[in-house]
Structure formats: C-alpha cells, structure tokens
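Shown next, in structure tokens, is the structure this report addresses.
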Amino acid sequence: MLIGVPKEIKNHEYRVGLTPTSVRELVARGHRLLVETNAGKGIGMDDNEYVQAGALIAADGKEVFAKSAMVVKVKEPQPDECNRLREGQLLFTYLHLAPDPEQTRLLLDSGVTAIAYETVTGPNGTLPLLAPMSEVAGRLSIQAGAHCLEKAQGGAGVLLGGVPGVAPAKVLVIGGGVVGDNAAGMARGMGADVTILDCSLPRLHITGR
Amino acid sequence: MIEKFALQADMVIGAVLIPGAEAPKLLTRDIIGRMKKGAVVVDVAIDQGGCFETSKATTHQEPTYLVDEVVHYCVANMPGAVPRTSAIALNNATLPYVISLADNGYKAALENDPDLLNGLNIHQGRITCEAVAGSFGHNYLPAELAIRNKTA
C-alpha cells in the first residue's frame, strides 16, 4: 500500500504521523511510504533519516494526498487538507469531530474513510490511542507546575521536593485515570507530598501503589 | 474532600476527563480564592472545557495567568510542548494499527478487529460513529454495516 505522511499544518504542531522508525517497519513489510519534505524536521527527524528508512520524499502536501491510499497524520485535517481527500482513500489521525461540524461536513463530502485515533477502543473501556498523550500530559503537568511554583512565575517560591530540613510541596491530584496516575508518579519521583482523589476505589488501588 | 485538600495544597492537578463530555467543575471560584497565595493549579482537562471554574485555555507562548494570586496553567494541547516525545509515544501506540490497515486493507482490518472498528467515524459520506452523529442530531450507519454494504 502507498502510505502518505504530510507535514502537519496546524499552527505550532511539530508532531508527525509516522516517525522514521515506523516507516522502516512498514517498508520492511513491503509498503511504499511517501513523506512530505520537512514533515519531521521540527522534532529532529530530517528528510535524510526518512530516506534512510526507505521513504520517498514528496515536495508538498498536495502530492502526498494525491498519491496515497492511506494518509497517516496527527491533528484533525484542516479545510485545505479535507478538500484533498477522496473516496476510496483512508485517513488515520485524531479527528475530534463532535465539536467540529465544519470538518465533519468536509469529510462527509470528500467520501473518505476516516478512522479516529481517539475512538479506537481497548480492553476494559480503555482508549489505547489517547493514552500516550494522557501519559505525556500527566507527567508534564508536574514539570510545568513545579516551574510555576517559582517566585518569578507568580508562585509561592516553593521547591516541589523540598530539601533536608524543609518540607516538600503538597500536591493534590484530582482524578486517578491515566493522567492522574502519571502526574502522581512524577510528583512522587520529584519528592513531593502527594494526595490523589478519585471516586473509584479500584483506581486508587492502582494509582496508590 | 476536594476543598479540604485544595486549601492545604501548593499545587492542584485537575486530571478528570470524561470521554466526549465536558469536564465537571471541581474547584469553584470561591475555593480558588481561599487557596494559599502563590499556589499553582494545572488544568489538564482544559481541552474538554476545563475542570476548575476559573480556567480558560492558554497557549505554550503565554501559559499562565493569576486569579486571586493563584497561578493558573491551562495550556491547551499540553503534549504539543514536547512534540518529539509525544510523536514517538503516539507512534508506539498507532503502529500496530497502521500495519494491520496496510497489510490487510481497511475492510479486512476493521472486520477482524472490533476495537479498531470503533475508530471508524466516517465512511463514504456516512457518519459511522454513534457519539459523533448524536452530537449533530445526524442519523448514523453502524460501522459494521457501513463496511459490509460497500466494497473496499
């Protein structure tokens, strides 16, 4: 199958649908990969790395959408991208259609087959393609929050983990899902005094370990 | 319980997400006003409307603001701050599905994997996800019928 990876065009979006590692795996399975030039440049994955993994480089997004049987992205397609999709083509990306009637209409009009990362399910009601971003957000929340506790950021001027002789900061995590679990783990690792609140005792058994 | 711990806290992380629905408001403006001065609240649910009454979405360029001397960090799309880690983490999760779709074609891949089939939102001009159709008052074609009706 010819799989296309356009460069993300949404403002300040540097993630990319397929990394060179993923490309190498797909090429090894006999697929052809077409990656827009500079698709991964913002995160240190340059065209040369994609070429070494076996991808062809496309000069622009238009070519990627025109030639690919499947388009793999990160963010929901912007109107310009929607207009390049067609019947018989497969789109695999985050869509978040519920609050977005315009995108929904454009995708319906295009005839494309669109699979949304966020509604793919896993065992026990989990969302396996949402979970990695929840893990990142949960861990990052403590790193960002610790910075905000610094005086220059408007914070109380408190070091999250304290030092010997000075008590650490008290962190309250509300919600013991993937985000809360990762936040709590990071806060504990930085030496904070952590409390987690959740309505579900089974969740607390997992998060409180 | 939330109020008691919030008033003692130096940092509160709002991590309550209900898939597809607006996040519940866990901290009221009143509680925020009585928190420690210089405390920090981080609203990870901001993409779903936020879980603190005083939350409004901010950007990575201008991430924080103050309400009653409590620092609010409410950046939308937080993983965008660390896109290299996020892209690799996302690929680790998506690659098995990309392989299945590429190796088998979407029709066989979806037929053989009900979890992946739940991901089908739109197929050849029809909405195939009940939650999406519901939010627009649209009718929808169940995904398993959509892929059976038409040929790949």
Side-chain angles (χ1 to χ4, degrees), chain A residues 1 3 12-16 18-19 22 25-26 29 31 42-44 70 72 87 90 92 95 97-98 101 107-108 111 113-117 119-122 127-129 132-133 136-138 140-141 144-145 148-149 153-156 158 169-175 177 179-180 183 195 197, chain B residues 1-2 5-6 8-17 19-20 26 36-40 42 44 60 64 66 71 73 78-95 97-99 101-103 106 115-116 118-125 127 129 131-132 135-136:
Chain A
M1 185 182 280
I3 304 165
H12 295 297
E13 182 55 68
Y14 301 101
R15 291 173 293 179
V16 60
L18 292 173
T19 62
S22 299
E25 177 67 26
L26 289 159
R29 303 178 77 91
H31 301 292
I43 52 174
M70 166 159 62
V72 182
E87 182 155 344
L90 181 62
F92 194 38
L95 291 177
L97 291 176
L107 290 179
L108 288 170
T113 297
I115 302 176
Y117 292 160
T119 63
V120 173
T121 52
L127 299 168
L129 302 189
M133 295 305 96
V136 169
L140 181 60
S141 69
C148 293
L149 277 174
Q153 309 305 318
V158 168
K170 285 190 163 74
V171 174
L172 171 64
V173 177
I174 310 175
V179 172
T195 303
L197 295 179
Chain B
M1 278 293 263
I2 290 179
F5 284 102
Q8 299 168 357
D10 299 293
M11 189 193 299
V12 178
I13 307 296
V16 176
L17 298 174
L26 302 169
K36 289 189 197 170
K37 303 303 170 201
V40 173
V42 180
V44 189
H60 293 298
T64 62
L66 294 174
V71 183
Y73 179 99
M78 281 179 66
V82 288
R84 187 174 165 93
T85 297
S86 296
I88 298 168
L90 180 61
N91 268 253
N92 287 341
T94 56
L95 184 60
Y97 299 97
V98 176
I99 289 173
L101 290 164
D103 284 1
Y106 74 81
D115 283 327
L116 183 57
N118 284 331
L120 188 68
N121 278 214
I122 284 181
H123 181 56
Q124 298 177 349
I127 296 179
C129 173
V132 171
S135 66
F136 299 127

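In what follows, chains carry the letters A, B, and so on, assigned in the order in which the sequence lines appear, proteins first and then strands, with residues in each chain numbered from 1.
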If I measure from the heavy atoms of chain A, does [X] come under 4.5 Å with its side chain, its backbone, both, or neither?
| X | value |
| --- | --- |
| B/F5 | both |
| B/D103 | both |
| B/I2 | both |
| B/L116 | both |
| B/L26 | side chain |

Backbone N or O of B/N118 within a donor-acceptor pair of the A/T119 side chain at under 3.5 Å? yes
Counting distance only, does the side-chain N/O of A/R15 pair as donor-acceptor with the main-chain N or O of B/A87 below 3.5 Å? no
When heavy-atom pairs shorter than 4.5 Å are enumerated against chain B, which of [options] gives the highest number?
| options | result |
| --- | --- |
| A/V16, A/T19, A/V179, A/V173 | A/T19 |
| A/S141, A/G155, A/G154, A/P132 | A/S141 |
| A/A114, A/A156, A/G175 | A/A114 |
| A/V158, A/V120, A/L90 | A/V120 |
| A/G180, A/P128, A/P101 | A/P101 |

Which pair of non-hydrogen atoms, one from [X] and one from [Y], has the smallest distance, and what is that distance?
| X | Y | result |
| --- | --- | --- |
| B/L95 | A/S22 | CD1-CB, 3.8 Å |
| A/K170 | B/Q8 | CD-O, 3.6 Å |
| A/A137 | B/M78 | O-CE, 3.6 Å |
| A/L172 | B/A9 | CB-CB, 4.1 Å |

Measure distances from [X] to the heavy atoms of chain B and classify the residue's part below 4.5 Å as side chain, backbone, both or neither.
| X | answer |
| --- | --- |
| A/Y14 | both |
| A/M133 | both |
| A/L129 | both |
| A/Q153 | backbone |

Among [options], which residue forms the greatest number of heavy-atom pairs with chain A at distances under 4.5 Å?
| options | value |
| --- | --- |
| B/V132, B/L66, B/T85, B/L120 | B/L120 |
| B/A89, B/A6, B/G14, B/G125 | B/G125 |
| B/I88, B/V16, B/L90, B/V44 | B/L90 |
| B/V40, B/N91, B/V12 | B/N91 |
| B/T64, B/N92, B/V42 | B/V42 |
| B/G80, B/A102, B/A131 | B/A102 |

Working note: B/V98 + A/L26, criterion side chain to side chain contact (heavy atoms under 4.5 Å, CB included); need CA distance, chi angles, decisive distance, verdict. CA-CA 8 Å; B/V98 176; A/L26 289 159; 3.8 Å; yes
When you look at B/I122 and A/L97, which way does the side chain to side chain contact (heavy atoms under 4.5 Å, CB included) test go after all the steps? CA-CA 10 Å; B/I122 284 181; A/L97 291 176; 3.8 Å; yes
Separation between [atom1] of [X] and [atom2] of [Y], rounded to the nearest 0.5 Å:
| X | Y | atom1 | atom2 | value |
| --- | --- | --- | --- | --- |
| B/L101 | A/I3 | CG | CD1 | 9.0 Å |
| B/I127 | A/L108 | CD1 | CG | 5.0 Å |
| B/I13 | A/T195 | CD1 | OG1 | 12.0 Å |
| A/I174 | B/M1 | CD1 | CE | 11.0 Å |

Side chain proximity check, [X] to [Y], heavy atoms < 4.5 angstrom:
| X | Y | result |
| --- | --- | --- |
| A/I115 | B/Y97 | no |
| B/V82 | A/V136 | yes |
| A/H31 | B/I99 | no |

